[in-house]
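What you see is a predicted model; the values in this text were computed from it and never measured. Residue numbers begin at 1 in each chain, while the letters A, B, ... track the order of the sequences.
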There are 2 protein chains.
Amino acid sequence: MTSERFTEVRGHPLFKNISDGSFEALARGAYVQNFPPHTELISEGEAADFLHIVLSGSVELFCSWESRETTMATVWPVSAFILAATIRDRPYLMSGRTLGKTRIMLVPSQDVRAVFESDSEFAKAIVAELANFYRASIKNTKNLKLRTSKERLANYLIKCSRREENCLVFELQYEKRRLASYLGMTPENLSRSFNALKPFGVQVDGQKVRLEDLEKLIAFAKPTDLIDGYE
Amino acid sequence: MTSERFTEVRGHPLFKNISDGSFEALARGAYVQNFPPHTELISEGEAADFLHIVLSGSVELFCSWESRETTMATVWPVSAFILAATIRDRPYLMSGRTLGKTRIMLVPSQDVRAVFESDSEFAKAIVAELANFYRASIKNTKNLKLRTSKERLANYLIKCSRREENCLVFELQYEKRRLASYLGMTPENLSRSFNALKPFGVQVDGQKVRLEDLEKLIAFAKPTDLIDGYE
DNA sequence: GGTGGCTCTTGATAAACGTCAAGCAAGTGA
DNA sequence: TCACTTGCTTGACGTTTATCAAGAGCCACC
């Protein structure tokens, strides 16, 4: 029975409240594929033929222009990406590549748009998802325009700590060069920024980070929910 | 008859396809207000009590952090702003102030959410609107992260020209200091950037801009729909 | 017809950030 | 085990951008 396929995504906000019929309509044309590390899944400018959902592994969304490249986001399970392009039937604005070995569920865009038309619960879920994405993007812009690179790094580290219940020791989730690009700086500058945060109790060894004086770091970084809060 | 009120917004994408009943439900609690120039309409962090729609004049959306401030966007008639906060019932992420004398239609957020629940055409229109906002925000991030300030200015000027059917003479729509902030630089740097674009045929006198060699400017700016296109 | 306030511009200087080059450490595979 | 690769770091240097200060032009308002 088809409705028992893809149970791992059934709990995702996009699908939680939709009817079994709608879910099956989406599942019918969908399939799961395994990708090796560093595989480019989509390229900016292409037509948005499939909605992508990361089941395991992770995907880096990045953009290029004139031989420059920047990391826009990293997508972890279970999350959909390029929803906006899919629903509007527009070309991708970002490219995506796998980081590690990654399982992706691919749902044909026309099916997504069809169910979106017929199932108002699905439409509502998409509104919530898009509004969250939009707000996250606005926060990202604020972060970029209002803060220096040191401040962005400091706030990023605090965010990492918050995510793990204020744990003061944690591992960076991906390579420093990618982190640098995500934060809008060069790897060299990230390295120097880590050094510049030593007076605020930031200790780095490889991927491992220790925040020895969170108070002091917060006093420097001045995080706010209006930039650093989760949506 | 209430449905004859607010006819000026009936053609807006958000309301074009909704039922008369839905429109009246929105119109019932809505009202129009006139604001003088430089009036702060909303402040970031506040609860999103009303959906705002600019009927005439214009509104600057801006953000602040630690005594720094940056312009995020300018809203022209007829457009809604802070839709995402309204629909998600979250605090505003941006502040808004009138530029000139401005007429605003205010729709109680709870009414927007109620009609959103009951009218699937309205929900669909909101999806389209949010997806466009999101994609515009992604483009803005790409612009900021991938380009220098000179390149951003050059592409902005080309965009202005495009908007007026490739007219080579046009007026800047708002003060240079606001433009500078929007483009992510200081007024001083904007002034110098204009000078730096002289070799590409950019002539500025007050608010008036002349592009004397569009080819050359385009060759420098390298615009692309994936950053500079309208949604 | 000033006078104050504002924006814009320009110059000098400083800070932030990027680029280039070299070297180190860890991991990989023959 | 030994190259070989890859990512990270550091130093030197250059570019980009911000800051501070001063002055010019413009407009509104007495």
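Ring orientation note: the planes of B:His52 and B:Phe50 are nearly perpendicular, at an angle over 60° on the 30°/60° scale. By the 30° and 60° cut-offs, the orientation of the rings of B:Tyr174 relative to B:Trp76 is parallel. Note: B:Phe200 and B:Phe220 have parallel aromatic rings, judged against thresholds of 30 and 60 degrees for the angle between ring planes.
Atom CZ of A:Arg135 sits about 14.5 Å away from atom CG of A:Asn140, to the nearest 0.5 Å.
Between chain A and DNA chain C, the heavy-atom contact criterion of under 4.0 Å yields a 5' to 3' nucleotide range of C:dC17 to C:dC20.
Under the salt bridge (charged side-chain N to carboxylate O under 4.0 Å, His left out) criterion, the residue pairs touching residues 70-90 of chain B are A:Glu231-B:Arg90, B:Asp89-B:Arg113, with sequence neighbours excluded.
Using a 4.0 Å cut-off between charged nitrogen and carboxylate oxygen, B:Glu69 and B:Arg97 count as a salt-bridge pair.
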Discussion item. Does the protein touch nucleotides 18-30 of chain D at the base, only the backbone, or not at all? Give it as B, S and - per nucleotide, heavy atoms under 4.0 Å.
Written reply: SBB----------
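A:Arg178 places its CZ atom 12 Å from the C1' atom of D:dT6, with the value rounded to the nearest Å. Between the CZ atom of B:Arg68 and the C1' atom of D:dT17 there is a distance of 14 Å, given to the nearest Å. Distance CG (A:Leu179) to P (D:dT9): 11 Å, rounded to an integer number of Å. The distance from atom CZ of B:Arg147 to atom P of D:dT17 is 13 Å, rounded to the nearest whole Å. Distance, A:Leu197 CG to D:dT9 C1': 16 Å, rounded to whole Å.
Checking A:Ser161 against A:Glu164 by side-chain atom types alone, no donor-acceptor pair falls below 3.5 Å. Checked by atom type, the side-chain pair A:Thr71/A:Glu60 shows a donor-acceptor distance below 3.5 Å.
Residue A:Asn195 places no side-chain N or O under 4.0 Å from the OP1 or OP2 atom of D:dT9.
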